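In this text, all values refer to a predicted model and were calculated from it rather than measured experimentally.
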There are 2 protein chains.
Amino acid sequence: MMPGDLFPRHMMTIKGKATSLDIAHMAGVSQPTVSRALRGSPMVNAETRKRILEIARQLNYKVDKNASSLRCQQSGTLALLFFEDPTPDDSLINPFFHSMLGSITRACALHGHDLLVSFQQLSSDWHADFEDSNKADGIILLGYGDYHESVERLERLVEQGTHFVRWGAALPGQPGVSVGSDNFQGGFDITTHLLDQGCRRIAFLGHADSHYPEFAERYRGHAEALRARGLTPEAALQHDAITTEDSGHNACLALLDRGERFDAVCAASDLIAIGALRTLRERGLRVPDDVAVTGFDDIPLAGSVSPALTTVQQDTKQAGQLLVEKLLGLIAREPVEGINIPVKLVVRESSRRQAL
Amino acid sequence: MMPGDLFPRHMMTIKGKATSLDIAHMAGVSQPTVSRALRGSPMVNAETRKRILEIARQLNYKVDKNASSLRCQQSGTLALLFFEDPTPDDSLINPFFHSMLGSITRACALHGHDLLVSFQQLSSDWHADFEDSNKADGIILLGYGDYHESVERLERLVEQGTHFVRWGAALPGQPGVSVGSDNFQGGFDITTHLLDQGCRRIAFLGHADSHYPEFAERYRGHAEALRARGLTPEAALQHDAITTEDSGHNACLALLDRGERFDAVCAASDLIAIGALRTLRERGLRVPDDVAVTGFDDIPLAGSVSPALTTVQQDTKQAGQLLVEKLLGLIAREPVEGINIPVKLVVRESSRRQAL
DNA sequence: CTGAAAGCGCTTACAG
DNA sequence: CTGAAAGCGCTTACAG
């Protein structure tokens, strides 16, 4: 170290944040060597590295992510876009997505990535430019809504070469990579369970068309289970509903007011089922004795409502992990396929008939 | 434009993302002019600006955030750190925090900022270096837990000059800026309500000491309400609990097993109250007739459990907004004070006595 | 109103 | 094993 050269740079920046150049001066090495040492490069002398690391620790030095991201052209950050349903009011996010958020953040942390979160109105232009601006290396799309309204934008993302995965039914012919639950199997299993409980006329609450592919798959499983027992699905027993409690409440009400008779409600989601529970309670119908009720998702609420809700559990932990891993795969330009994750039937009181 | 100079730069980068230099070449201006035009600087000729904007649109150009953040030394990003309670398992985040997340993301968007989300184990070292690495301009801390365990780290953040706000009881002598609910008033109001319903022996479920300042404030309000009616708070009627359903269940059970008699449960949170509801149901006690029950938070579940839960509503919308605004104030080096937000009593069936 | 120059703090060839 | 050089893509004085 040259006497006249003592820490001039460091003296100047001591007030602000320390940079790798400050450390270089203090350690008497060049700035690239500091960079190498901090990144654990093997081509740095062990003692030099130790000295550098110690100084960095003392100065509470942290690598400037903007600089390193700019240089490396990748950010180590993923973006999560939540799409909200009609309710643009406060904070009524589907509880199911909350679990997903938890597992996604955890999976990101596990892979050393940070997570940007953004809520989107379905209608508005997607704020999907996190990748374009190099703030994120890829995007996770999460949220129900009319599939037909989003498919065009998905295609544009594919076209632009944006790295993204979406949570939803993984069906052939969709743009991009999807990770979802095995909705068909879930619908099949829970309907079979209702049949096993002696139910014969099962109302299905939830959209059953291509606008809502996940619900449609659940309905397909539902119908298949009926047919497997020699029953015929009746269109009159299906009523559209989106995944809110109110929507479920209204759908159940509509069927009752229309004079439909049924001994079970197979709801396309827990929130819908909880809305139906309310309708049935208001009408003095006992659950499960008069009408058995089932949901889908196994949100935390499902076990706490009264009667506790039989439902299909989605494996959110695995889902979050897979979403992150598939996305990282895409970013690494590996071949990536969509997947449907196995589900699990969870039987609780809402469908347990006393007498068989 | 010199003939020999036609788009050479552009030709080279047309495969990758467009940069401001590409646009400059195409528009026949210098790169700084492009930068100015895109940022809406008034010192750019209107026609030039128009031409530049059009080219940028065609190329789907987005400003590189890493470059601009590096240059400007600020990221336009805030970080949200969730601290989780004991349950390191999956995704059991307090539903109350979910609402907060919603309102915080919305407030961020409103102020043109992005949000990084990270979950922390309380025990581990805080991953609070988002600001040190220039990934975020400031940090929002969110999560219950033992205050004594975090206060030291909060002090270190203050010392380091980190910009942060935390959600929690805003009490004198705390390090940093806190935004919280008026927990004292909430505890006072809901206890007064129980007294108005004819309750006389009210159990309080939740920690009531300085380890959990928010709960302690609620208890203080509770005790004050009793005294205002000439009653004396009894230590035997208070039982510690953290904000989980299980903890509430156990606390209520412990009081019953200990032989305490009470005609109301004033729980320090909705989750605790819901746990208590379960205990009471298991013991064959009717709510509200035998025991009235109240919570605190007004999570979505509160209105859906049976009987629906009387509780104190925290204004999460305003909370999220204030957290973001206070933090932005700190970042802008404005003087910023903590605040306690007014709360609202929400009366539902769980405390409505038939006969007064 | 516009351009040439400098520089934010890194990482990565390249040369030794 | 280490250093000098270049450059990632911006923004901001500075000069005109």
- Within the pair B/Gln73 and C/dG9, is there a side-chain N or O less than 4.0 Å away from OP1 or OP2? yes
- To the nearest Å, give me how far apart NZ (B/Lys65) and C1' (C/dG9) are. 19 Å
- Query: Would you say the side chains of B/Lys65 and B/Thr77 form a donor-acceptor pair under 3.5 Å?
  - Reply: no
- When the distance from CG of B/Asp132 to C1' of C/dG9 is rounded to whole Å, what number comes out? 15 Å
- side chain to side chain contact (heavy atoms under 4.5 Å, CB included) test vs B/Leu141 passes for just one of B/Leu80, B/Leu157, B/Leu323, namely B/Leu157
- Watson-Crick and G-U pairing of DNA chain C, under 3.5 Å, as dot-bracket with | and [ ]: |||.||||||||.|||
- Calculate the interatomic distance between A/Ile52 atom CD1 and D/dG3 atom C1'; express it in whole Å. 12 Å
- Query: Can A/Asn134 and B/Asn66 be counted as having a side-chain donor-acceptor contact under 3.5 angstrom?
  - Reply: no
- Item | Value in whole Å for how far the C1' atom of D/dT2 lies from CG of A/Asn45 | 10 Å
- Note on the structure: note: B/Lys50, atom NZ; C/dC1, atom P; distance rounded to Å ~ 16 Å
- Correct closest heavy-atom pair for A/Leu116 and A/Lys135 would be CD1-O, 4.0 Å
- Query: Once you round it to whole Å, what is the distance between P of C/dG9 and CG of A/Asn66?
  - Reply: 11 Å
- Message: Applying salt bridge (Lys or Arg N to Asp or Glu O under 4.0 Å) to B/Glu159 and B/Arg156, what does each step give before you reach the verdict?
- Response: CA-CA 5 Å; B/Glu159 203 174 284; B/Arg156 202 171 329 139; over 6 Å; no
- Using a 4.0 Å heavy-atom cut-off, write out nucleotides 10-16 of chain C from 5' to 3' as B (base contacted by protein), S (sugar-phosphate only) or - (no contact). BBBB---
- Could you pull out the closest heavy-atom pair between A/Ala170 and A/Ile339, with the gap in Å? CB-O, 3.7 Å
- Item | Option passing side chain to side chain contact (heavy atoms under 4.5 Å, CB included) with A/Tyr61 (candidates A/Val34, A/Ile55, A/Leu38, A/Asp22) | A/Leu38
- Task: Check the distance between D/dG9's P and A/Asn134's CG and give it to me in whole angstrom.
- Result: 8 Å
- Between P of C/dC1 and CD of B/Glu47, the distance in whole Å: 12 Å
- Item | First encountered from the 5' end of DNA chain D, between A/Thr33 and A/Leu70 | A/Thr33
- Might you point out which heavy atoms bring B/Leu327 and B/Gly138 nearest each other, and give the distance in Å? CD2-C, 3.7 Å
- Quick one: is C/dA4 close enough that its OP1 or OP2 comes under 4.0 Å of any side-chain N or O from B/Ser30? no
- What closest approach, in Å, do A/Ser103 and A/Gly320 show between heavy atoms, and which atom pair accounts for it? OG-CA, 3.4 Å
- Answer with base, sugar-phosphate or nothing: what part of the nucleic acid does B/Ser69 contact at a heavy-atom distance below 4.0 Å? nothing
